[in-house]
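Values below: every heavy atom of this structure, side chains too, minus hydrogens, waters and symmetry copies. Keep in mind the model is a prediction, meaning the values are calculated, not measured. Counting convention: from 1, in listed order, for ligands and their atoms alike.
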Amino acid sequence: MSAMMGARLDLAPFLLSPSPSPSRPSPALRLRTSSPAAAAARTRLLAPRAAAAAATAVSAKPAAAGPLSADRSVVRLGLPSKGRMAELTLSLLKSCQLSVRQLNPRQYTADIPQVPNLEVWFQRPTDIVRKLCSGDLDLGIVGYDIISEYAQGNDDLVIIHDALDFGHCRLSLAVPKEGIFDSVNTLEDLLNMPQWSEERPMRVVTGFGYVMGMADAIVDLVSSGTTLRENNLKEIEGGVILESQATLVASKKSLNRREGVLEISHEMLERLEAHLTASGKIMVTANMRGNSAEEVAERVLSQTSLCGLQGPTISPVYCTQDGNVAVDYYAINVVVPQKSLYKSIQQLRSIGGSGVLVSKLTYIFDEETPRWRKLLSELGM
Ligand SMILES: Nc1ncnc2c1ncn2[C@@H]1O[C@H](COP(=O)(O)OP(=O)(O)OP(=O)(O)O)[C@@H](O)[C@H]1O
Ligand SMILES: O=P(O)(O)OC[C@H]1O[C@H](OP(=O)(O)OP(=O)(O)O)[C@H](O)[C@@H]1O
Ligand SMILES: [Mg+2]
């Protein structure tokens with residue numbers, strides 16, 4: 001799928017234009033929408049440039065001026081109350097030592113004891129975006145798909161972390177596997193089909209309308225692709241409209257003007273980055289005989305899987321020899337991706353490493369994160 005990333009659909013000439021006036025829908029409009037996802041997809045399919053502009057507007061324009069409800073001093077974070085994102089959000093926060101404490105599972109509010117003055121509101125993902133726009137929430141965790149659908153035209157939202165590494169899916173155009181679509185594998189193939197004309201434009205729906213004979217193609221969220229396969233549908237090259245995963249999003253107005261929002265955002269961002277950077281990485285420690293730290297370093301750096309984050313840490317291991325302090329061995333500490341665990345052990349052994357210890361990393365707090373600098377510059381700070 002990676003070859004499809006970033007592709008932009010341009011189906012405009014093959015689809016009917018939206019109705020000229022919302023109060024008088026064109027009878028010829030056959031792009032059926034059963035959900036806001038489809039409405040967003042329709043906007044994109046019919047006017048790709050305008051839709052793309054709306055999507056980037058989420059983070060591009062300056063914060064809207066306007067009233068900020070002064071009747072609360074608490075900062076509010078919206079989290080998904082249901083659906084596949086709900087549990088994953090809570091477990092991500094827990095991994096960042098930001099466990100959410102829900103005193104009563106029937107209540108829609110909770111807190112995070114580690115962060116005073118923060119109130120959690122459990123909301124449907126769509127309502128999180130709506131409430132960020134209305135000022136009832138200051139921060140939220142939702143899928144990027146929801147932001148691009150429901151925050152279109154709103155220049156107050158800003159994405160603080162765009163890749164929380166769960167809820168991965170893509171909004172994708174799919175067509176039936178067989179029949180007239182048998183040899184359709186790319187967007188170009190689809191657009192060049194002789195079947196579409198002014199009188200009979202291509203019909204795109206959300207959901208699986210084709211099986212009911214209503215449409216030629218569908219637009220829906222896809223992750224594993226199972227649902228498409230089970231419905232005898234296939235994705236086509238160039239048909240990805242949007243890539244999505246969970247994000248941390250905020251209201252610029254709140255960041256700029258509500259006390260505590262900026263500080264809480266910074267803390268959350270730091271904790272999230274530290275956890276996400278460490279995930280999938282391990283610390284390998286070994287002992288190695290050598291004449292000097294430099295000589296050991298040379299051996300270690302000659303191995304491709306032992307270069308570490310900035311380079312290996314090498315420290316002398318002191319022992320006593322004939323009553324004197326001496327150094328025979330050096331300890332090596334190196335951070336490696338979990339997936340190259342065995343390769344790094346092999347490489348360590350090949351250069352004389354022994355007594356290898358492996359530990360999982362929980363957090364890596366790096367220097368100030370580029371995401372924070374980016375946020376400050378988007379806020380004009
Ligand atoms: N198949 C999927 N795999 C991974 N993430 C997905 C998938 N479908 C949707 N998502 C992400 O999860 C978010 C919530 O989707 P989910 O299906 O859980 O909620 P919903 O559709 O609002 O509710 P429900 O499906 O219970 O009616 C979506 O906005 C999207 O970001
Ligand atoms: O590629 P897959 O892994 O099969 O996932 C794709 C399916 O997941 C979502 O539906 P969901 O399960 O959320 O049901 P919904 O239609 O009730 O939202 C989406 O609308 C697809 O139908
Ligand atoms: Mg769903």
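- No more than 12 heavy atoms of other residues, nucleotides or ligands sit less than 6.0 Å from atom NZ of Lys94.
- In summary, the atoms of ligand 1 found under 4.0 Å from a heavy atom of Gly83, numbered by their order in the structure, are 18 (O).
- For ligand 1, the atoms lying closer than 4.0 Å to a non-hydrogen atom of Ser223 are 1 (N), 2 (C), 3 (N), 4 (C).
- Within ligand 1, the atoms closer than 4.0 Å to a non-hydrogen atom of Gly167 are 5 (N), numbered from 1 in the order shown.
- For atom 12 (O) of ligand 1, the closest non-hydrogen atom of the protein is Met85 CG, 3.4 Å.
- The environment of Lys343 atom NZ is sparse: at most 12 non-hydrogen atoms of other residues, nucleotides or ligands sit within 6.0 angstrom.
- The distance from atom OH of Tyr329 to atom SG of Cys319, rounded to the nearest 0.5 Å, is 9.5 Å.
- The contact set between ligand 1 and His168, taken as ligand atoms under 4.0 Å from a residue heavy atom, comprises 3 (N), 4 (C), 5 (N).
- Not a single heavy atom of Arg229 sits closer than 4.0 Å to an atom of ligand 2.
- Residue Leu139 is grouped with residue Leu379 when hydrophobic side chains (ILVMFWY) are merged at heavy-atom distances under 4.5 angstrom, including chains of intermediate members.
- Those atoms of ligand 1 that come under 4.0 Å of a heavy atom in Gly143, given as number and element, are 31 (O).
- Within a 4.0 Å radius of atom 1 (N) of ligand 1, the protein contributes one or more non-hydrogen atoms.
- Proximity to Asp220 (heavy-atom distance under 4.0 Å) selects the following atoms of ligand 2: 19 (C), 20 (O), 21 (C), 22 (O).
- The contact set between ligand 2 and Leu221, taken as ligand atoms under 4.0 Å from a residue heavy atom, comprises 6 (C), 7 (C), 19 (C), 21 (C).
- By the criterion of a heavy-atom distance under 4.0 Å, neither the backbone nor the side chain of Gln245 is placed next to ligand 1.
- With ligand atoms numbered from 1 in the order given, ligand 2 contributes 1 (O), 2 (P), 3 (O) to contacts under 4.0 Å with heavy atoms of Gly225.
- Of all protein heavy atoms, the one closest to atom 28 (C) of ligand 1 is Asp145 OD2, 3.4 Å.
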Mind running side chain to side chain donor-acceptor pair (under 3.5 Å) on Asp216 and Gln195 for me, showing each step along the way? CA-CA 10 Å; Asp216 306 303; Gln195 278 82 359; over 6 Å; no

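- Not one N or O on the side chain of Arg349 forms a donor-acceptor pair closer than 3.5 Å with the backbone of Val356.
- In the displayed structure, Glu298 atom CD is contacted under 6.0 Å by at most 12 heavy atoms of other residues, nucleotides or ligands.
- Judged by distance alone, the side chain of Asn117 and the main-chain N or O of Ser73 form a donor-acceptor pair under 3.5 Å.
- Residues Leu90 and Leu276 fall within the same hydrophobic cluster, defined by Ile, Leu, Val, Met, Phe, Trp and Tyr side chains chained together at heavy-atom separations under 4.5 Å.
- In this structure, CG in Leu269 is found 6.5 Å from NE2 in His266, a value given to the nearest 0.5 Å.
- A salt bridge does not link Lys374 to Asp162: none of the charged side-chain nitrogens sits closer than 4.0 Å to a carboxylate oxygen.
- Within ligand 2, counting atoms from 1 as listed, the ones closer than 4.0 Å to a heavy atom of Ser224 are 1 (O), 2 (P), 3 (O), 4 (O).
- The protein heavy atom nearest to atom 24 (P) of ligand 1 is Lys82 NZ, 3.6 Å.
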Apply side chain to side chain donor-acceptor pair (under 3.5 Å) to residues Asn287 and Ser354 and explain how you reach the verdict. CA-CA 5 Å; Asn287 282 344; Ser354 62; 5.6 Å; no

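- Near Thr227, the atoms of ligand 2 lying under 4.0 angstrom from a non-hydrogen atom of the residue are 2 (P), 4 (O), 5 (O), 6 (C), 7 (C), 22 (O).
- Distances below 4.0 Å separate heavy atoms of Ile146 from the following atoms of ligand 1: 29 (O).
- Of all the heavy atoms of Thr226, the ones lying under 4.0 Å from any atom of ligand 2 are found in both the backbone and the side chain.
- Each of Leu190, Leu233, Asp189, Val204 was evaluated against Val175; a single residue qualifies, Leu190, per the side-chain contact (heavy atoms from CB on, under 4.5 Å) test.
- Listed by number with element, the atoms of ligand 1 under 4.0 angstrom from any heavy atom of Leu221 are 8 (N), 9 (C).
- Under the 4.0 angstrom criterion, atom 21 (O) of ligand 1 counts as lacking any protein heavy-atom contact.
- Distances below 4.0 Å separate heavy atoms of Val222 from the following atoms of ligand 2: 1 (O).
- Between Glu119 and Arg76 there is a salt bridge, with a side-chain nitrogen of the basic residue lying less than 4.0 Å from a carboxylate oxygen of the acidic one.
- The shortest contact between atom 8 (N) of ligand 1 and any protein heavy atom is with Arg84 NH1, 3.0 Å.
- Here the heavy atom of the protein found nearest to atom 11 (C) of ligand 1 is Cys169 SG, 3.9 Å.
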